[in-house]
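Below: one structure, written as structure tokens.
Letters A, B, ... mirror the listed sequences (proteins, then strands); counts begin at 1.
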Number of protein chains: 2
Amino acid sequence: MNDFSPAVMKTLLKQAGLRATPARIATLTLLSQSSKPLSHAEVSAELKNLGVDKTTVYRNLNDLVGANLLRRAELGDHIWRFELANHHDEACSLHPHFVCIDCGDVFCIDEKYLQARDFQLENQNVTVKEILVRGHCNNC
Amino acid sequence: MNDFSPAVMKTLLKQAGLRATPARIATLTLLSQSSKPLSHAEVSAELKNLGVDKTTVYRNLNDLVGANLLRRAELGDHIWRFELANHHDEACSLHPHFVCIDCGDVFCIDEKYLQARDFQLENQNVTVKEILVRGHCNNC
DNA sequence: TATCCAGATGCAATTGAGTTGCATATGGAC
DNA sequence: GTCCATATGCAACTCAATTGCATCTGGATA
Ligand SMILES: [Mn+2]
Ligand SMILES: [Mn+2]
Ligand SMILES: [Zn+2]
Ligand SMILES: [Zn+2]
């Protein structure tokens with residue numbers, strides 16, 4: 001989506017106080033090229049040919065979330081998914097996600113379709129952290 | 001929340017084509033008295049003194065969801081929680097729900113705040129079945 | 001009220017996402 | 001190049017949730 005260079009990734013990591021290891025650079029690069037959030041398993045599968053262990057992928061994804069370089073989303077199927085915090089390059093926008101009930105496919109929803117703003121609910125101010133839309137996709 | 005009698009539970013089960021067993025009646029009764037969705041573990045703990053096995057609780061909760069008597073919610077901690085499907089006793093319109101990440105409280109969101117209509121996503125028509133908003137409520 | 005069997009249950013084994021412990025390897029500061 | 005805090009690989013582990021299978025029972029029927 002953003003497709004940053006390894007050099008940029010390296011800088012981002014160092015700024016976050018994390019070492020710029022091949023596994024982390026590859027993780028960030030992969031997620032920068034993905035149009036949708038990826039699961040631990042999906043990232044692991046991709047980094048396997050680099051000889052990266054799945055435990056390392058787990059730990060790195062969590063560490064990168066802790067460093068605010070990634071965002072972790074729970075899309076209702078008990079699998080964490082990860083995307084670049086600035087995934088859609090509009091400054092860290094909190095955008096909704098769509099999950100197909102049938103095939104499990106995930107899309108990012110542009111904010112113009114569904115605004116992720118804070119709500120006033122029954123005289124309560126609520127802070128929105130995530131919006132999830134579930135339904136049937138075009139193929140299902 | 002609704003506190004139905006065992007007799008009503010029995011009727012609901014039969015209408016759904018399910019046998020009205022003690023474990024199921026106890027499950028529905030428990031959830032009808034709860035102001036919050038309950039987890040498998042919480043329901044199991046409660047039904048243990050009736051001699052109900054935890055596997056049976058798991059299966060019943062899932063079956064009751066399948067029969068649309070319960071609704072299953074993922075509140076962001078990778079633990080399924082269950083509540084009566086008519087928990088909010090309003091007409092079953094497709095309205096969004098808000099879940100507090102901290103306390104697990106659930107609110108219905110009026111459609112005027114967030115329209116639960118079908119979307120046109122990147123040249124794809126998707127059928128919306130559920131909209132879930134997660135965040136921090138006023139108390140948290 | 002007794003019979004009967006598809007559906008429900010109990011118990012043990014299993015799955016699978018995610019974590020933890022520990023010995024080894026390495027990024028990057030000096 | 002040296003050094004050590006940090007990162008990694010590998011195996012063992014946790015824990016919610018599921019599955020297999022023998023046994024039991026709700027409730028329909030006679
Ligand atoms: Mn996204
Ligand atoms: Mn509702
Ligand atoms: Zn689909
Ligand atoms: Zn709350």
Side-chain angles (χ1 to χ4, degrees), chain A residues 6-7 9-30 37-67 69-82 99 104 106, chain B residues 6-7 9-28 37-67 69-82 104:
Chain A
M9 298 305 182
K10 211 163 177 171
T11 306
L12 286 172
L13 285 165
K14 286 189 179 177
Q15 283 174 348
L18 295 172
R19 287 189 185 168
T21 65
R24 285 177 178 157
I25 294 170
T27 299
L28 290 176
T29 301
L30 177 64
L38 300 179
S39 66
H40 272 135
E42 289 166 328
V43 176
S44 285
E46 207 63 43
L47 299 199
K48 195 158 204 169
N49 42 36
L50 298 181
V52 181
D53 188 77
K54 78 183 182 68
T55 309
T56 299
V57 175
Y58 274 116
R59 277 192 277 229
N60 279 342
L61 287 171
N62 288 339
D63 291 347
L64 292 169
V65 169
L69 289 179
L70 299 184
R71 187 163 42 229
R72 188 175 73 159
E74 159 55 58
L75 304 184
D77 58 357
H78 275 197
I79 294 177
W80 295 118
R81 286 184 168 77
F82 300 82
V99 181
V106 176
Chain B
M9 297 306 182
K10 211 162 176 170
T11 306
L12 286 171
L13 284 165
K14 286 189 179 176
Q15 283 174 348
L18 295 173
R19 288 190 185 168
T21 65
R24 284 176 179 158
I25 293 169
T27 298
L28 290 176
L38 300 179
S39 66
H40 272 136
E42 288 166 327
V43 176
S44 284
E46 207 64 42
L47 299 198
K48 196 159 205 170
N49 42 37
L50 298 180
V52 181
D53 188 78
K54 79 183 180 70
T55 309
T56 300
V57 175
Y58 274 116
R59 276 192 278 230
N60 279 342
L61 287 171
N62 288 339
D63 291 346
L64 292 169
V65 169
L69 289 179
L70 299 184
R71 184 167 49 228
R72 188 175 73 158
E74 159 57 54
L75 306 184
D77 59 358
H78 276 198
I79 293 178
W80 295 120
R81 283 163 214 278
F82 299 82

Practice task
Would you mind reporting whether Asn62(A) and His40(A) have side-chain heavy atoms less than 4.5 Å apart?
Solution key: yes

Exercise for the section: Please list, chain by chain and in numerical order, all residues satisfying side-chain hydrogen bond (donor to acceptor under 3.5 Å, both in side chains) with Ser39(B), sequence neighbours excluded. Expected result: Glu42(B)

Fill in the blank from the handout: To the nearest angstrom, the NZ-C1' distance between Lys48(A) and dT8(D) comes to 16 Å

Exercise for the section: For Leu47(A) and dT8(D), give me the distance from atom CG to atom P, rounded to whole Å. Expected result: 11 Å

Practice task
Only counting residues at least two apart or in another chain, list the ones meeting side chain to side chain contact (heavy atoms under 4.5 Å, CB included) with Lys48(A).
Solution key: none

Completion exercise
Across all chains, not counting sequence neighbours, the side chain to side chain contact (heavy atoms under 4.5 Å, CB included) partners of Val57(A) are Val43(A), Ser44(A), Leu47(A), Val52(A), Leu61(A)

Practice task
Find out whether Leu28(B) and Leu70(B) are in side-chain contact, i.e. whether some heavy atom of one side chain is under 4.5 Å from a heavy atom of the other.
Solution key: yes

Fill in the blank from the handout: Counting primed atoms, P, OP1 and OP2 as sugar-phosphate and everything else as base, the B/S/- map of nucleotides 23-30 of chain D against protein heavy atoms under 4.0 Å is --BBS---

Practice task
Would you kindly give the CH2-to-P distance between Trp80(B) and dA17(D), to the nearest whole Å?
Solution key: 8 Å

Handout entry: Trace of the side chain to side chain contact (heavy atoms under 4.5 Å, CB included) decision for Leu38(A) with Val106(A)
Key = CA-CA 9 Å; Leu38(A) 300 179; Val106(A) 176; over 6 Å; no

Practice task
Rounded off to whole Å, could you give me the CD-to-P distance for the Glu42(B) and dA17(D) pair?
Solution key: 11 Å

Problem - Counterpart residues, side-chain hydrogen bond (donor to acceptor under 3.5 Å, both in side chains), relative to Arg81(A) (two or more places apart) - result: Asp77(A)

Exercise for the section: With rounding to the nearest 0.5 Å, note down the distance linking CG in Leu13(A) to CG in Asn60(A). Expected result: 9.0 Å

Practice task
Please collect all salt bridge (charged side-chain N to carboxylate O under 4.0 Å, His left out) contacts where either partner lies in residues 11-25 of chain B, sequence neighbours excluded, each pair once.
Solution key: Arg24(B)-Asp63(B)

Completion exercise
dist Leu30(A):CG -> Phe82(A):CZ (nearest 0.5 Å) comes out at 12.5 Å

Fill in the blank from the handout: Axis-to-axis angle across the helix from dT1(C)-dA30(D) to dC30(C)-dG1(D), five pairs each end, nearest 10 degrees, ~ 40°

Practice task
Could I get the full list of side-chain hydrogen bond (donor to acceptor under 3.5 Å, both in side chains) partners for Thr11(A), not counting sequence neighbours?
Solution key: none

Problem - Inter-residue atom distance Asp53(A).CG - Arg59(A).CZ, 0.5 Å rounding - result: 8.0 Å

Exercise for the section: Provide the start and end nucleotides, 5' to 3', of the part of DNA chain C that has atoms under 4.0 Å from heavy atoms of chain A. Expected result: dA17(C) to dG28(C)

Practice task
Go through Leu64(B) and Leu18(B) one step at a time and tell me if the side chain to side chain contact (heavy atoms under 4.5 Å, CB included) criterion holds.
Solution key: CA-CA 9 Å; Leu64(B) 292 169; Leu18(B) 295 173; 3.9 Å; yes

Handout entry: Whole angstrom value for the distance that separates C1' of dT8(D) from CZ of Arg24(A)
Key = 10 Å

Exercise for the section: Would you mind classifying the nucleic acid contact of Ala41(A) as base, sugar-phosphate or nothing, using non-hydrogen atoms under 4.0 angstrom? Expected result: nothing

Exercise for the section: Can you sort out which residues in residues 58-66 of chain B have a heavy atom within less than 4.0 Å of DNA chain D? Ascending by number, please. Expected result: Tyr58(B), Arg59(B), Asn62(B)

